[in-house]
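Indexing begins at 1, ligand by ligand and atom by atom, following the structure's order.
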Amino acid sequence: MTHRILILGGTTEARQLAGRLARRKDFSVTLSLAGRTESPVAQGVPVRVGGFGGAEGLAAYLRDEQVDLLIDATHPYAARISANATEAAERAGVPILALRRPGWEPVAGDRWTMVDSVAEAASALGTASRRVFLAIGRQEAGAFEAAPQHGYLIRSVDPVDPKLAVPDALYLLARGPFAEADERALLERHGIDAIVSKNSGGEATYGKIAAARALGIEVVIIRRPPLPDVPSAETVDALAAKVDHLFDPVAERGV
Ligand SMILES: NC(=O)c1ccc[n+]([C@@H]2O[C@H](COP(=O)([O-])OP(=O)(O)OC[C@H]3O[C@@H](n4cnc5c(N)ncnc54)[C@H](OP(=O)(O)O)[C@@H]3O)[C@@H](O)[C@H]2O)c1
């Protein structure tokens, strides 16, 4: 019997999880991407792209495609799709599991300022002009037009379009992972004295946090949004084990 699994992805872990689950002959895995990135990296399993049309649309997809398990492996800041996933799973009567990568915790030497939104981050930078490294992706960079007194270095996977209406902004296109030594060199080269970051968690983008600590640079951290409480695991391995268990032949017989 084939078990149909839909993974809501857009993260490195989602891709790793998909590859891992696809090794099982009795699993048919599809990965779903929002379509935000112009040329996403190859995912290694069948992919569908684009929104579903809210929780209702996703519930219809789960029913139409006879999905047996929904896995939410989206980015911790993609709160809408996570909420939709939970609601859709309930409506369609499909089990849901979430891959929830833990956030970073501050350690000695970190100079973190915690805020709740990108808009709050823009005002937390203060009134005096600073050299700011924006590492929050392109979708919300526009919020920093409210603080045009700063000079910005803005890094994203795809170009920021339209560009920010501020007098001093430099754009850098790059896709992680980013090593700490490279991040440190970047911060020094551009004379950065503040970083704005999400609390993504994981290793791939931690380099800038460690580099900021070494250089004594302030990091304005945008807190994670609240996410629905569903059965979850913190790592690809732990989530894969949960999936294996769910479809374990013994468990399926109800023994
Ligand atoms: N790798 C990273 O660093 C990173 C960072 C940020 C975001 N992301 C990824 O980018 C995607 C979009 O982020 P967002 O901030 O736009 O999320 P969002 O605000 O939670 O989602 C907005 C809408 O985009 C659609 N959507 C989001 N994720 C989808 C998916 N995996 N498959 C199909 N449709 C999806 C849904 O549209 P409908 O309501 O029409 O279904 C959703 O309502 C997410 O998949 C997220 O994991 C990755």
- Query: Counting from 1, what ligand 1 atoms have a heavy atom of G50 closer than 4.0 Å?
  - Reply: 33 (C), 34 (N)
- Query: Do the numbers put K208 on top of the ring of F133, so that NZ or CZ is under 6.0 Å from the six-membered ring centre and no more than 45° off the axis?
  - Reply: no
- Item | Set of ring-ring contact (aromatic ring centres under 6.0 Å, His included) partners for W104, sequence neighbours left out | Y206
- Under 6.0 Å from the CD atom of E56, do we count more than 12 heavy atoms belonging to anything else shown? no
- Exercise: identify the closest heavy-atom pair between L31 and A14: CD1-O, 4.0 Å
- Message: Checking the N or O distance criterion of under 3.5 Å, is ligand 1 in contact with R36?
- Response: yes
- Message: Using a 3.5 Å cut-off on N or O atoms only, is H75 in polar contact with ligand 1?
- Response: yes
- Message: Using the side chain to side chain contact (heavy atoms under 4.5 Å, CB included) criterion, which residues pair with A238? Sequence neighbours excluded.
- Response: A233, T235
- Query: Roughly how far apart are R48 CZ and L33 CG, rounded to 0.5 Å?
  - Reply: 8.5 Å
- among protein heavy atoms, the one nearest atom 1 (N) of ligand 1 is G10 O, 2.8 Å
- Query: What's the shortest distance from atom 26 (N) of ligand 1 to any protein heavy atom, and which residue and atom give it?
  - Reply: A34 CB, 3.6 Å
- Message: Can you tell me how far apart CG (N84) and CG (D72) are? Round to the nearest 0.5 Å.
- Response: 10.0 Å
- Message: If you measure every N or O of T11 against every N or O of ligand 1, does any of those distances drop under 3.5 Å?
- Response: no
- Query: Is R80 close enough and on-axis enough to Y77, meaning under 6.0 Å and within 45°, for cation-pi?
  - Reply: no
- Query: Nearest protein heavy-atom contact for atom 19 (O) of ligand 1: which residue, which atom, what distance?
  - Reply: R80 CB, 3.8 Å
- Query: Going by the atom numbers of ligand 1, which of them fall below 4.0 Å from some non-hydrogen atom of R48?
  - Reply: 33 (C)
- Query: Charged N to carboxylate O under 4.0 angstrom, E234 versus R100?
  - Reply: no
- Query: Which atoms of ligand 1 are found less than 4.0 Å from any heavy atom of S32?
  - Reply: 30 (C), 31 (N), 32 (N), 33 (C)
- Message: At less than 4.0 angstrom from any non-hydrogen atom of N84, what atoms of ligand 1 do you find?
- Response: 39 (O), 43 (O)
- Task: May I ask you to check whether over 12 heavy atoms, not counting those of Q66, lie within 6.0 Å of atom CD?
- Result: no
- For S82 and ligand 1, does the shortest N/O to N/O distance drop below 3.5 Å? no
- Can you find an N/O atom of A73 closer than 3.5 Å to an N/O atom of ligand 1? no
- Message: Just to confirm my output: which protein heavy-atom neighbour is closest to atom 45 (O) of ligand 1, and how far is it?
- Response: G9 O, 2.7 Å
- Give the residue, atom name and distance (to 0.1 Å) of the protein heavy atom nearest atom 41 (O) of ligand 1. F52 N, 2.6 Å
- Any N/O pair G54/ligand 1 closer than 3.5 Å: yes
- Query: G137 near ligand 1, heavy-atom distance under 4.0 Å?
  - Reply: no
- Nearest non-hydrogen protein atom, atom 17 (O) of ligand 1: A78 CB, 3.3 Å
- Task: Please could you name the atoms of ligand 1 that G51 approaches to less than 4.0 Å, counting only its heavy atoms?
- Result: 34 (N), 37 (O), 38 (P), 40 (O), 41 (O)
- Note on the structure: If you scan protein heavy atoms around atom 40 (O) of ligand 1, the nearest is G53 N, 2.9 Å
- Considering all heavy atoms of both residues, which atom of R155 and which atom of A174 are nearest to each other, and what is their separation? CD-CB, 3.9 Å
- Item | Protein heavy atom at shortest distance from atom 36 (C) of ligand 1 | I81 CD1, 3.8 Å
- Item | Pair R4 + D68: basic N to acidic O under 4.0 Å | no
- For ligand 1, is L58 a contact, meaning one of its heavy atoms is under 4.0 Å away? no
- Query: Would you find more than 12 non-hydrogen atoms of other residues, nucleotides or ligands less than 6.0 Å from E90 atom CD?
  - Reply: no
- Message: List ligand 1 atoms under 4.0 Å from A79, heavy atoms only on the residue side.
- Response: 20 (O)
